[in-house]
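Since the structure comes first, as structure tokens, the remarks are kept for the end.
What you are looking at is a predicted structure, and each value in this text was computed from that prediction instead of being measured. All values below were derived from every heavy atom in this structure, side-chain atoms included, with hydrogens, water molecules and symmetry-related copies excluded.
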Amino acid sequence: MTPERPFTIGLACEALGIKVERFKTLRRRDHLPFIDQSPEASEQYQLEPSPAGLIEHNRAIAETADRSGWIRYTVEEIALLSAQIELVDVMKLDVAAASRMLANARGTYEGEHPATAKPFADIWIGAVIFGGDDEGRAHIGGTLEEVSARIAKEAAAMAVEYGSAPSQIVLVNLSKHFRKIRAALAKVV
């Protein structure tokens, strides 16, 4: 087990409380909320035949695998997957939409990392959605105070553009998922 990539698929599924087949199905359908560097994922995509592209791809795969060849995942990747499972199972979002939202919203906040957020300063990520069928969307992230201010700002801007209030506001506490995954990892290490 490497400290920066402690999770195999089996360990990740145990921490998440899901079946291995569900993880593999998400990976196979490209519904993980992070870039999957596994060899199985690379077979889905046509790689450019340039030697530099193949070398870079092989280096990325080597960084995710351990000596036995098992693909390993980071705490951050599994925390994002935990948040996605909450969005799908609890909030009833479509799995592809939840995956895209998390992947896009990750980069919307600056400041403290969700894993190191202080109590009562958890990092939340999500989206403000206007109209139907993705008519308009603003990805948001930050502390609850920052997110609340951003929601108000985006709602005002989109009201001018679309003439209506948000149809959905979706938020997930990413710091909570980091704590959950770290606690699950501590039980098995």
Side-chain angles (χ1 to χ4, degrees), residues 1-90 93-117 122-126 139 141 172-189:
M1 179 183 311
T2 61
E4 48 293 328
R5 293 191 166 274
F7 289 99
T8 60
I9 290 176
L11 187 57
C13 291
E14 187 178 324
L16 294 167
I18 64 171
K19 294 182 179 181
V20 171
E21 192 52 43
R22 183 174 183 187
F23 187 104
K24 289 181 176 181
T25 299
L26 289 169
R27 184 176 65 189
R28 199 170 31 253
R29 293 180 179 168
D30 198 24
H31 288 166
L32 293 174
F34 51 86
I35 296 173
D36 185 21
Q37 303 270 350
S38 70
E40 293 88 355
S42 67
E43 291 172 6
Q44 289 180 311
Y45 306 103
Q46 295 294 324
L47 296 175
E48 294 206 15
S50 71
L54 290 175
I55 290 169
E56 187 61 36
H57 176 72
N58 290 339
R59 183 178 301 125
I61 288 175
E63 289 173 3
T64 63
D66 64 14
R67 290 182 184 205
S68 65
W70 288 97
I71 298 300
R72 295 195 167 271
Y73 297 92
T74 65
V75 171
E76 181 174 355
E77 289 168 338
I78 302 306
L80 281 168
L81 186 53
S82 177
Q84 178 179 331
I85 289 168
E86 178 183 338
L87 289 171
V88 172
D89 292 355
V90 177
L93 260 63
D94 172 75
V95 69
S99 175
R100 282 193 316 270
M101 185 193 78
L102 287 169
N104 290 332
R106 282 174 58 191
T108 61
Y109 63 87
E110 295 178 7
E112 189 138 15
H113 192 277
T116 59
D122 283 356
I123 301 299
W124 295 73
I125 61 174
H139 293 96
V172 65
N173 183 335
L174 195 53
S175 296
K176 173 187 86 168
H177 290 283
F178 269 94
R179 288 190 294 272
K180 171 186 167 185
I181 296 305
R182 283 208 173 117
L185 183 60
K187 288 179 185 178
V188 296
V189 176

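A search for side-chain hydrogen bond (donor to acceptor under 3.5 Å, both in side chains) contacts involving S82 returns H177, K180, not counting sequence neighbours. Remark: D94 engages no residue in a side-chain hydrogen bond (donor to acceptor under 3.5 Å, both in side chains) (not counting sequence neighbours). Every side-chain contact (heavy atoms from CB on, under 4.5 Å) that V95 has, sequence neighbours left out, goes to L26, H31, Q84, V88.
Between the CG atom of L16 and the CD1 atom of I85 there is a distance of 4.5 Å, given to the nearest 0.5 Å. Here the CD-CD1 distance, from E21 to I9, works out to 10.0 Å after rounding to the nearest 0.5 Å. To the nearest 0.5 Å, atom OH of residue Y73 and atom CG of residue L81 are 9.5 Å apart. K176 NZ to I181 CD1: the interatomic distance, rounded to the nearest 0.5 Å, is 11.0 Å.
Nearest heavy atom pair, residue P6 against residue L185, reads CG-CD2, 3.7 Å.
A salt bridge does not link D30 to R100: none of the charged nitrogens lies less than 4.0 Å from a carboxylate oxygen. Classification of K19 and E14 as a salt-bridged pair fails, no side-chain N sitting under 4.0 Å from a carboxylate O.
Residues F178 and E76 are in side-chain contact: their nearest non-hydrogen atoms beyond the backbone lie under 4.5 Å apart.
Residues F7 and F23 keep their aromatic ring centres 6.0 Å or farther apart.
Side-chain atoms of T25 and R22 form no donor-acceptor pair, as typed in the model, at a separation below 3.5 Å.
In terms of modelled atom types and a separation under 3.5 Å, the side chain of T74 and the main chain of R5 share no donor-acceptor contact. Under the 3.5 Å distance criterion, the side-chain polar atoms of T8 are left unmatched by any main-chain donor or acceptor of R72.
For the side-chain contact (heavy atoms from CB on, under 4.5 Å) with L80, the qualifying choice from L174, V172, V75 is L174, the only one to do so.
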